[in-house]
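These notes are about the structure you will find just below.
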Amino acid sequence: MINRRALLRAGIVAGGLLTGAAASAGTAVFARTARPSNGTAPDRRPATPDQAWAILREGNRRWVDDTATHPHQDADRRREVAQKQNPFAVVFSCIDSRVPPELIFDTGLGDLFVIRTAAQTIDPLVTGAAEYGPAEIGTPLVVVLGHQRCGAVTAAAKSLHGHEKLPGELSTIAYALRSAYTRSGGDVDKMIRINTVDVVNQLRRDKLFAPRIAKGELKVIGAYYSIDTGTVTRLV
């Protein structure tokens, strides 16, 4: 298990496909939420996990096409969410500077809960952070987002292959990824995808998530971000 407290002290922790019809429905919801609400309350958010995923997918399409609209990134939005937030998704991604969730999904203030650790490694503290949105305000979607050329996974693979311990708490990251390393045969890209699915499966078994998933109130999905193309594709 990763000692996340130590990773926090070391600065390691910084703190994804639907049918066209479903995507259109989700986009329509987002279009409604983009209108001002006179500063009285946060925007209405998508009601279902599929609508939430459709909004993220559409935002990512804009990012890929270089037609991003940068919604909810102005003073009106800042005032609107100043007293209350109502994000429609949790995105759990890597700390990599090239993978900022709000940009690659073309979202803004108050839209996402974002959790970032090296290679999406997880422990009880991180699980608690992921639980907050669904458990406390009913956020309907959790996305675990792996990405191409993950530096943490690459370093872990080299460490495990060479039986060389990484310095400081970096070694705990390699330790957390050892199962994915073994099952991938040391292939870094396979390792990234395996680890992403592993984290999804772990969260789906979470005692606060499982009942909500069974009722259809919540989905936990895994996705993969291509640094080369900007595209997010769903893994599970």
Side-chain angles (χ1 to χ4, degrees), residues 13-18 23 26-27 29-30 33 42-43 45-46 48-64 68 70-73 81 85-123 125-148 150 152-153 192-193 195-204 206 208-209 212-213 217-227 230-236:
V13 178
L17 291 160
L18 296 173
T27 304
V29 172
F30 189 69
T33 68
D43 290 333
R45 71 179 179 197
T48 70
D50 286 348
Q51 287 177 343
W53 174 235
I55 291 172
L56 292 181
R57 183 186 175 211
E58 178 62 19
N60 178 246
R61 182 197 61 76
R62 295 194 301 272
W63 167 254
V64 172
H70 311 291
H72 298 162
Q73 296 181 27
V81 299
Q85 63 175 332
N86 201 16
F88 66 86
V90 177
V91 179
F92 178 22
S93 70
C94 180
I95 63 170
D96 194 293
S97 63
R98 301 164 295 178
V99 193
E102 292 91 345
L103 293 183
I104 68 175
F105 288 119
D106 194 23
T107 58
L109 286 175
D111 292 330
L112 304 177
F113 285 117
V114 175
I115 307 163
R116 304 184 71 173
T117 70
Q120 309 91 248
T121 45
I122 192 167
D123 71 0
L125 282 174
V126 175
T127 300
E131 287 174 338
Y132 178 79
E136 294 297 317
I137 65 173
T139 305
L141 179 68
V142 176
V143 179
V144 181
L145 185 64
H147 71 92
Q148 183 183 27
C150 179
V153 175
I192 293 165
R193 295 167 187 267
N195 178 61
T196 300
V197 173
D198 284 351
V199 174
V200 168
N201 289 335
Q202 182 172 338
L203 289 175
R204 285 176 175 176
D206 180 78
L208 296 185
F209 286 175
R212 290 170 171 81
I213 292 171
E217 299 170 351
L218 173 69
K219 283 188 177 180
V220 180
I221 68 175
Y224 177 92
Y225 177 68
S226 168
I227 289 177
T231 302
V232 173
T233 53
R234 184 167 172 177
L235 297 178
V236 63

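Side chains are part of it too, since the values below use all heavy atoms of this structure and drop only hydrogens, waters and symmetry mates.
Closest approach of Val232 and Ala223 over heavy atoms only: CG1-CB, 3.7 Å. For the residue pair Ala118 and Ile95, the shortest heavy atom distance occurs at N-CG2, 3.7 Å.
One distance of note links CD of Gln51 with CD1 of Ile55; it measures 7.0 Å at 0.5 Å rounding. Taking CD1 of Ile104 as the reference point, atom OG of Ser93 lies at 7.0 Å (rounded to 0.5 Å). If you take CD1 on Ile122 and OG1 on Thr117, they are separated by 8.0 Å, rounding to the nearest 0.5 Å. If you take CZ on Arg57 and CG on Asp50, they are separated by 11.5 Å, rounding to the nearest 0.5 Å.
In this structure Arg193 satisfies the side chain to side chain contact (heavy atoms under 4.5 Å, CB included) test together with Asp189, Tyr224, Leu235, sequence neighbours excluded. Not counting sequence neighbours, the partners of Arg61 by the salt bridge (charged side-chain N to carboxylate O under 4.0 Å, His left out) test are Glu58, Asp65. Taking the side chain to side chain contact (heavy atoms under 4.5 Å, CB included) definition, one finds that Glu217 meets it with Arg212, Lys215, sequence neighbours left out. With sequence neighbours left out, Phe113 forms a ring pair (Phe, Tyr, Trp, His ring centres under 6.0 Å) with Tyr132.
For the side chain to side chain donor-acceptor pair (under 3.5 Å) test with Asp111, the passing option among Gln85, Gln73, His72, Arg45 is His72; the others fail. Partner of Val199 under the side chain to side chain contact (heavy atoms under 4.5 Å, CB included) criterion, out of Val197, Leu203, Thr196: Leu203 alone.
Taking the side chain as every heavy atom from C-beta outward, Glu131 and Thr127 approach each other to under 4.5 Å. By the 4.5 Å heavy-atom criterion applied to side chains, Leu112 and Phe88 are counted as neighbours. For the pair Leu208 and Pro134, the minimum side-chain heavy-atom distance is 4.5 Å or more. Between Leu56 and Thr107 there is a side-chain heavy-atom pair separated by less than 4.5 Å.
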Under the side chain to side chain contact (heavy atoms under 4.5 Å, CB included) rule, what do Asp106 and His70 come out as? Steps first, then yes or no, please.
CA-CA 6 Å; Asp106 194 23; His70 311 291; 4.1 Å; yes
For Val99 and Cys94: C-alpha separation, side-chain torsions, deciding distance, then whether side chain to side chain contact (heavy atoms under 4.5 Å, CB included) applies.
CA-CA 7 Å; Val99 193; Cys94 180; 5.7 Å; no
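For Asn60 (side chain) and Gly230 (main-chain N/O), a donor-acceptor pair under 3.5 Å exists by modelled atom type.
Annotation: salt bridge (Lys or Arg N to Asp or Glu O under 4.0 Å) contacts involving residues 86-99, sequence neighbours excluded, comprise Asp96-Arg98.
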Less than 3.5 Å apart, which donor and acceptor atoms pair up between the side chains of residues 135-148 and the rest of the protein, not counting sequence neighbours?
{"residue": "Thr139", "atom": "OG1", "partner": "Pro87", "partner atom": "O", "Å": "3.4"}
{"residue": "Thr139", "atom": "OG1", "partner": "Gly133", "partner atom": "O", "Å": "3.3"}
{"residue": "Gln148", "atom": "OE1", "partner": "Ser226", "partner atom": "OG", "Å": "3.4"}
{"residue": "Gln148", "atom": "OE1", "partner": "Ile227", "partner atom": "N", "Å": "2.9"}
{"residue": "Gln148", "atom": "OE1", "partner": "Asp228", "partner atom": "N", "Å": "3.0"}
{"residue": "Gln148", "atom": "NE2", "partner": "Asp228", "partner atom": "OD2", "Å": "3.0"}

